[in-house]
Asks: 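Dropping the structure in here first, questions after.
Heavy-atom basis, side chains included; hydrogens, waters and symmetry copies ignored.
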Amino acid sequence: MSASEDSETKKGKKAEAIVAGFLSSKVFAHYVYLNPFIIPGKELCDALIVFRNKAIVLQSKNTKLSKENLYKSGDIKKNVKQCRGAARALLGGSGIVSLENYAGIADDINLSDIDTVYCVAVHHGEQPDFYGFYDDDKAQSVHIIDFVSFQKLLDELNVLPELFNYLEDKQSLFVDGKQFILEGGEIDLFATWIRQERSFSKFAKSNMVAITEGIYDGLIADKQYQTKKKEDAKYGPTWENLILTCLSLGDHYKLISDEFVDHNSLERRMLGRALHEFLTHAVHNTHPTMRFTHYSLAPVDSPDKLYIFLFHGAVDEPGIREARKKSLQIIATIFLSKYADQYPSLKKIIGIATDSVFTPTSPFDFMYAEVTPEWIANIKKSDGLEETAKQLNILQGKLRLMSAYEYSESVDDLGA
């Protein structure tokens with residue numbers, strides 16, 4: 001191996017180590033780019049995460065302690081400067097660049113779409129007695145996190161939306177001009193955010209914020225939190241496998257796979273549990289004429305997305321896949337005719353269809369539709385929808401919508 005090849009290998013391993021917690025999920029591998037180049041010959045950063053219009057710049061550096069057991073300011077400043085340079089390049093960039101994600105797939109990234117960049121400067125080395133963990137320069141704030149704390153943070157924030165939300169909430173907290181007493185480090189600040197239902201809203205009217213040491217250890221030991229993690233581990237993989245199935249279909253389905261990704265852990269658990277339940281029915285079913293249909297709204301309090309799970313027919317039945325696609329469209333239309341006024345926040349309907357006699361070879365078909373005022377107006381003008389619903393046995397009886405609670409093993413059905 002040549003010296004240059006050895007250097008590239010070391011850089012790749014360094015970048016990989018930063019996001020090792022995330023990369024344990026095959027889904028995140030599709031949104032992570034190691035040592036990316038958006039300008040020929042100039043590496044942007046150690047690792048980059050891109051999801052829709054948002055990006056996270058990760059820059060890592062080995063640090064040395066001063067005689068006072070503090071990080072040397074030069075180490076911090078250099079890492080922060082590199083983060084800001086990467087952020088400027090992303091926000092000031094235009095056009096499309098091709099980057100290979102960690103899954104080994106080339107993605108076309110439209111730099112013009114990126115309007116929000118979070119910077120994280122990760123520091124390896126000995127733990128100092130005290131260190132600053134946020135640089136609030138107006139040009140571009142930078143989160144300064146030691147490597148061990150960042151790994152713990154990623155272990156808990158195992159879905160992309162929550163990582164973005166935490167960084168955003170932290171930035172908002174620090175621009176309020178509050179005084180801070182920080183006995184604990186980054187991981188205790190993060191645990192405070194978790195305990196406050198993924199929010200710093202309780203500090204909104206406070207002039208001073210005190211973060212004591214040991215909050216994270218208390219969170220991890222909390223039985224309710226342990227229950228939540230077990231539920232996430234039980235039903236999260238079902239939703240993750242659905243995402244991977246959709247991703248395997250290529251760029252044409254990225255719009256839908258991104259919708260699947262754009263859920264917090266509670267919503268993923270809710271959706272994964274619903275899908276898991278109906279897949280279990282389908283695995284044991286022997287009657288291809290039987291149909292299972294389930295509806296989940298997310299989030300439940302002010303839903304902007306409806307999922308329709310449809311299980312109907314068998315893989316070897318002629319024309320069944322086209323029939324299922326048409327059924328999803330009809331079901332979506334009938335749902336809106338009945339519930340559009342009740343759920344005015346609804347913006348998207350996503351259909352997921354497969355065999356009612358489910359086998360390892362059963363394919364999935366997907367539908368994506370945006371709910372527009374024009375669509376609703378046309379539906380209200382349509383005649384015969386109620387008769388069609390009766391003939392196809394769609395939305396007959398009481399519609400059941402599923403809701404989950406953060407720290408409960410139970411999942412309740414709420415009548416619509």
Side-chain angles (χ1 to χ4, degrees), residues 12-36 45-52 54-63 79 83 86 101-103 116-125 127 131 133-134 141-171 184-195 198-200 211 215-217 219-222 225-226 228-233 236-237 239-240 243-244 261-269:
K13 293 296 183 183
K14 178 181 174 183
E16 189 173 350
I18 302 175
V19 286
F22 253 14
L23 296 180
S24 61
S25 163
K26 293 180 180 179
V27 168
F28 296 126
H30 289 263
Y31 299 91
V32 173
Y33 309 88
L34 304 183
N35 308 113
C45 56
D46 290 327
L48 176 68
I49 300 173
V50 178
F51 180 63
R52 290 180 166 167
K54 296 180 179 180
I56 299 175
V57 167
L58 298 167
Q59 191 68 32
S60 176
K61 185 172 178 60
N62 291 321
T63 53
N79 213 10
C83 282
N101 62 37
Y102 192 74
T116 304
V117 177
Y118 303 98
C119 290
V120 180
V122 181
H123 290 269
H124 294 260
Q127 185 76 8
Y131 63 100
F133 59 98
Y134 187 70
S141 54
V142 179
H143 303 259
I144 303 168
I145 307 178
D146 70 276
F147 179 77
V148 173
S149 293
F150 192 59
Q151 293 307 298
K152 290 178 179 179
L153 190 150
L154 290 187
D155 283 344
E156 302 306 312
L157 287 181
N158 55 1
V159 295
L160 274 177
E162 289 181 358
L163 177 58
F164 285 116
N165 289 344
Y166 172 67
L167 296 176
E168 179 63 34
D169 288 351
K170 181 182 165 187
Q171 290 181 185
E186 176 78 35
I187 200 63
D188 290 307
L189 179 68
F190 158 74
T192 300
W193 181 76
I194 289 286
R195 282 199 176 278
R198 290 169 174 75
S199 169
F200 289 125
I211 305 297
I215 299 175
Y216 171 76
D217 292 336
L219 175 70
I220 298 302
D222 185 86
Y225 189 69
Q226 290 173 359
K228 167 235 174 332
K229 297 295 285 185
K230 288 179 181 177
E231 290 290 290
D232 288 346
W239 196 249
E240 184 167 295
I243 297 171
L244 292 171
V261 170
D262 196 17
H263 287 287
N264 62 31
S265 56
L266 175 60
E267 292 162 1
R268 281 170 57 114
R269 188 199 317 161

Asks: So, do I243 and R268 sit near enough that their side-chain heavy atoms are less than 4.5 Å apart?
Replies: yes
Asks: Minimum heavy-atom separation for D169 and S199, please, with both atom names.
Replies: OD2-CA, 4.1 Å
Asks: So, Q226 side chain and I220 main chain: donor-acceptor pair closer than 3.5 Å or not?
Replies: yes
Asks: Check whether any side-chain heavy atom of H263 lies under 4.5 Å from a side-chain heavy atom of V159, and answer yes or no.
Replies: no
Asks: When rounded to the nearest 0.5 angstrom, what is the spacing between CZ in F190 and CZ in F150?
Replies: 11.0 Å
Asks: Is the closest side-chain donor-acceptor distance between Q171 and Y118 under 3.5 Å?
Replies: no
Asks: Starting at CZ of F164, measure out to CG of L157 and round the result to the nearest 0.5 Å.
Replies: 11.5 Å
Asks: What distance do S149 atom OG and I144 atom CD1 have between them, rounded to the nearest 0.5 Å?
Replies: 13.0 Å
Asks: Quick check for you: to the nearest 0.5 Å, what is the distance between E186 atom CD and Y166 atom OH?
Replies: 3.5 Å
Asks: Please find the pair of heavy atoms, one from D262 and one from R52, that lie closest to each other, and give the distance.
Replies: OD2-NH1, 2.9 Å
Asks: Taking only residues two or more places apart in sequence, or in another chain, which ones meet A55 in a side chain to side chain contact (heavy atoms under 4.5 Å, CB included)?
Replies: L48, V50, L90, I114, V117
Asks: Do L154 and L163 make a side-chain contact, defined as non-hydrogen atoms from C-beta onward lying under 4.5 Å apart?
Replies: yes
Asks: Can a side-chain donor-acceptor contact be found between K228 and S265 if the only test is distance below 3.5 angstrom?
Replies: yes
Asks: In Å, rounded to the nearest 0.5 Å, how long is the span from CD1 of I187 to CG of D155?
Replies: 8.5 Å
Asks: State, with a plain yes or no, whether a side-chain heavy atom of R195 is found less than 4.5 Å away from one of D222.
Replies: yes
Asks: Tell me the closest heavy-atom pair linking N79 and Q59, and the distance in Å.
Replies: OD1-CG, 2.9 Å
Asks: Measure from the side-chain N and O atoms of Q151 to the backbone N and O of I18, and report whether any donor-acceptor pair falls under 3.5 Å.
Replies: yes
Asks: Does the side chain of L58 reach to within under 4.5 Å of the side chain of D46, using non-hydrogen atoms?
Replies: no
Asks: For the residue pair C119 and C83, what are the closest heavy atoms and their distance?
Replies: SG-O, 3.5 Å
Asks: Measure the shortest side-chain to side-chain distance between P36 and C45 over non-hydrogen atoms and say whether it is less than 4.5 angstrom.
Replies: yes
Asks: Got V19 and Y102 here, is their nearest side-chain heavy-atom distance under 4.5 Å?
Replies: no
Asks: How close do I194 and Y225 get, counting heavy atoms only, and between which atoms?
Replies: CG2-CE1, 3.9 Å
Asks: Looking at residues at least two apart in the chain, or sitting in another chain, which of them share a salt bridge (Lys or Arg N to Asp or Glu O under 4.0 Å) with K229?
Replies: E156
Asks: For the side-chain contact (heavy atoms from CB on, under 4.5 Å) test, which of E162, R269, R198 pairs with N264?
Replies: E162
Asks: Between D188 and Y216, is there a donor-acceptor pair closer than 3.5 Å when you use the side chain of the first and the backbone of the second?
Replies: yes
Asks: Report yes if some heavy atom in the side chain of F200 is under 4.5 Å from a heavy atom in the side chain of L189; otherwise report no.
Replies: yes
